[in-house]
Protein chains: 2
Amino acid sequence: MADLVYQQVITDLNKRIMADEFANKKLPDERSLSEQYQVSRSSIKRALNVLANQGLIFKKRGSGTFINPLYLKNQSSFKYEGTNLGITDSLNTEGAKPSIQLLDFKVVPASQELQQDLFLTADEFVYEIKRLRLLDDQPFMIESGYIPIKLVPELNRQVVSGSIFNYVQETLNAAVTKSFLSISADSSNDNDQQLLQLKPTEPVGVMSGIFFLDDGTPFEVSNMRLHYQYMKYTTFVSTNS
Amino acid sequence: MADLVYQQVITDLNKRIMADEFANKKLPDERSLSEQYQVSRSSIKRALNVLANQGLIFKKRGSGTFINPLYLKNQSSFKYEGTNLGITDSLNTEGAKPSIQLLDFKVVPASQELQQDLFLTADEFVYEIKRLRLLDDQPFMIESGYIPIKLVPELNRQVVSGSIFNYVQETLNAAVTKSFLSISADSSNDNDQQLLQLKPTEPVGVMSGIFFLDDGTPFEVSNMRLHYQYMKYTTFVSTNS
DNA sequence: TCGTTTAATTGGACCGTTCCAATTAACAAA
DNA sequence: TTTGTTAATTGGAACGGTCCAATTAAACGA
C-alpha cells in the first residue's frame, strides 16, 4: 500500500495537512515539493491530483494549491478504505460491533437479469444469499446477494455468515475492488418493517449494484435495503477529473 | 472541451467502443494506440485511466484492456456532463420539460452552520432560496439553497427562477464544478407530502451538499428533498484510483 | 499615488524514455 | 501429450524535460 512513491507523498501530505502544518492553508508549489520529497514533479502532480479528487485540496493555476477547510465534515457511513469494497470493512461502525445473521442460503438457477449481469448462460446457477446485518444488535441492513457458483464452488453457511469478500480475497487471491452502485429510496415493505424494526411511515435506503473482481469479472449482484437512519453516502463530485 | 489531446482520444475511443468496433471486447495495446493516434503513450494512459474510472473499461497488466459490457445499464437520474454541476444541466429529463416554481426568496443572516460552511462572519447575509422543481408539471424536488450575497450581489427573483449556476457562469465567469454531496433517505413530512404529492408512507430522497467554484470558494449550501421515485444516483466505485 | 506594462510565479498538458511486474505465448524436454 | 522453462507481450510507475496559460508580483511611467 505504501511502497509507491506517489502513495507515500499522499500519505505524508495527508499527515502534514491534518497536523495543520500549513497554517496559511497553502501548500508549497509543486517544484518545491518535488525538491523536498526528492521525487519528480510528475509524481507530485499525481499525488496532488488524488488529493484534489478527494476534495482535500484545490489547485489554481498561477496561484497555488490550497487546503479545503471543509474536508473534515465529510463523514459518511461508508469509507471504502480497505483492500476491497466489502461492507464489513467499509462500514463506519463508530465503535459499534457489526454482526451478521444469515436469513437464507441456497442455490438457484440464474434469472434472465442475473445471466446478463453476471455473464452466465441459462443453465448456470447462483448462490442466493440473504443476510441481516446488525450494529450492536440493532439490525440496519437487509442484503440479498447473488454469486455464480462457478466462481466460488465451495461456499458454505459458515463462510456466508462472515465476510464473503475477505474470504474470496484470501482463498482465490482476487479482490473485489470495483462496482457500479445505484442509490435510491423506497417505502418500507412488511419485511423491511419487521426485520429493521421500522414503522410503516419510515422508509429504507436502497443500495444496489454489481461488484467486480480486479480483472473485470462480475462477481456479485447485490441488493441492500437499509434502515433510513443508517444510510448516508457522502462523496466528492468534480467535473474536471 | 475537445482541444486537449487526451480528451480527443477519450471522445474518439468512446465513439469506437459504442460503435462496437472492438468486437472481441479488447482494445489495442497502449503502444499501438499511441501509434494510431500519433500521441505519446502517456496521453493514451491518461485517456484510458479516465475511461477505467468511469467503469467503461478494465485494464489488466500483462493481459490487455477490455471493454465492460455492463456499462450501458448505467443510467442515473443525474449525469454531470455539462460545464457545471447545476441540476438544470445534470438532470436526466428523458424528454420531459423541466421547470422551476419559486417558493420563497429572501435575504437572511447566516446561521452558525452556514457561516462555517460558506466562510462567513456573523454579520454577513445569505440569500435563502426555496424552489420547487418539476418535470412536465410533476413536482419532484424541493430545493433549499443558501448563497452569500457578497458573491452574487445582484441576484433577483427572475434569475432565481431559472438556472442560478448558468447565470453565475455567464456573469461572473466562474463555474461551479465541485461539490461535497451527501445522499440519504427520510420520511416525508407534511410539506413534502403536499408539494411532492406524496402519501404519508412514501418517503423522500435527500441530497445535500456544498457547491464550490473552481477556485475553491464555497458558493452554495443546498438541501434537496426528492420524490423517492425520482432519486436514483448511480456511480462507479473503485478503490485503486 | 495610481494605473499600466512587464516579469516572475505556478499549475496544466504533453512528450518520450527507462525499468519493472503480471500475464500470456512459445518452446523444449520428458 | 504433458509439463516446465523461456521469451514476448502488455500495462504500471516514475523520471525529467519542454512549452504554455493563468495569476500574481514587480517595475515603470505619468
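Below, chains carry the letters A, B, ... as their sequence lines are ordered, and counting in each starts from 1.
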Rounded to whole Å, please give me the gap between [atom1] in [X] and [atom2] in [N].
X        : N       : atom1 : atom2 : value
Phe66(A) : dT23(D) : CZ    : P     : 12 Å
Gln8(B)  : dC14(C) : CD    : P     : 8 Å
Arg31(A) : dA8(C)  : CZ    : P     : 14 Å
Lys45(A) : dT18(D) : NZ    : C1'   : 13 Å

Candidates [options] - which lies nearest the side chain of [X]:
X        : options                   : result
Arg41(B) : dG12(C), dC15(D), dG12(D) : dG12(D)
Tyr6(B)  : dC15(D), dA14(D), dC14(C) : dC14(C)
Thr65(A) : dG11(C), dG12(D), dA14(D) : dG11(C)
Glu30(B) : dA13(D), dG12(D), dC15(C) : dG12(D)
Arg61(B) : dG11(C), dA21(C), dC15(C) : dA21(C)
Arg46(B) : dA13(D), dC14(C), dG11(D) : dC14(C)
Ser40(B) : dG16(C), dT24(C), dG16(D) : dG16(C)
Ser63(B) : dT24(C), dC15(C), dA14(D) : dT24(C)

Worksheet item: Hey, does the side chain of Ser161(A) reach the backbone of Arg157(A) with a donor-acceptor pair shorter than 3.5 angstrom?
Response: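 Yes; at least one donor-acceptor contact below 3.5 Å.
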Discussion item. Reading DNA chain D from 5' onward, which residue's closest nucleotide shows up sooner: Lys59(B) or Ile44(A)?
Written reply: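 Per heavy-atom nearest nucleotide, the more 5' residue is Lys59(B).
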Practice prompt. Determine the interplanar angle of the Phe212(A) and Phe58(B) rings, folded into 0 to 90°, and report it as parallel if under 30°, tilted if 30 to 60°, perpendicular if over 60°.
Written response: tilted
Worksheet item: Going by the angle between their ring planes, with limits at 30° and 60°, are Phe165(A) and Phe219(A) parallel, tilted or perpendicular?
Response: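 Phe165(A) and Phe219(A): perpendicular rings.
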Item to complete: Verify the contact: side-chain N or O of Lys60(B) to OP1 or OP2 of dT10(D), cut-off strictly under 4.0 Å; return yes or no.
Response: no
Worksheet item: In Å and rounded to the nearest 0.5 Å, what is the CD to OG distance from Gln7(B) to Ser43(B)?
Response: 11.5 Å
Practice prompt. With heavy atoms under 4.0 Å as the rule, sort Ser43(A) into base, sugar-phosphate or nothing.
Written response: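 Result for Ser43(A) = sugar-phosphate.
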Item to complete: Answer with yes or no whether the side chains of Thr65(B) and Lys59(B) bring together a donor and an acceptor at under 3.5 Å.
Response: no
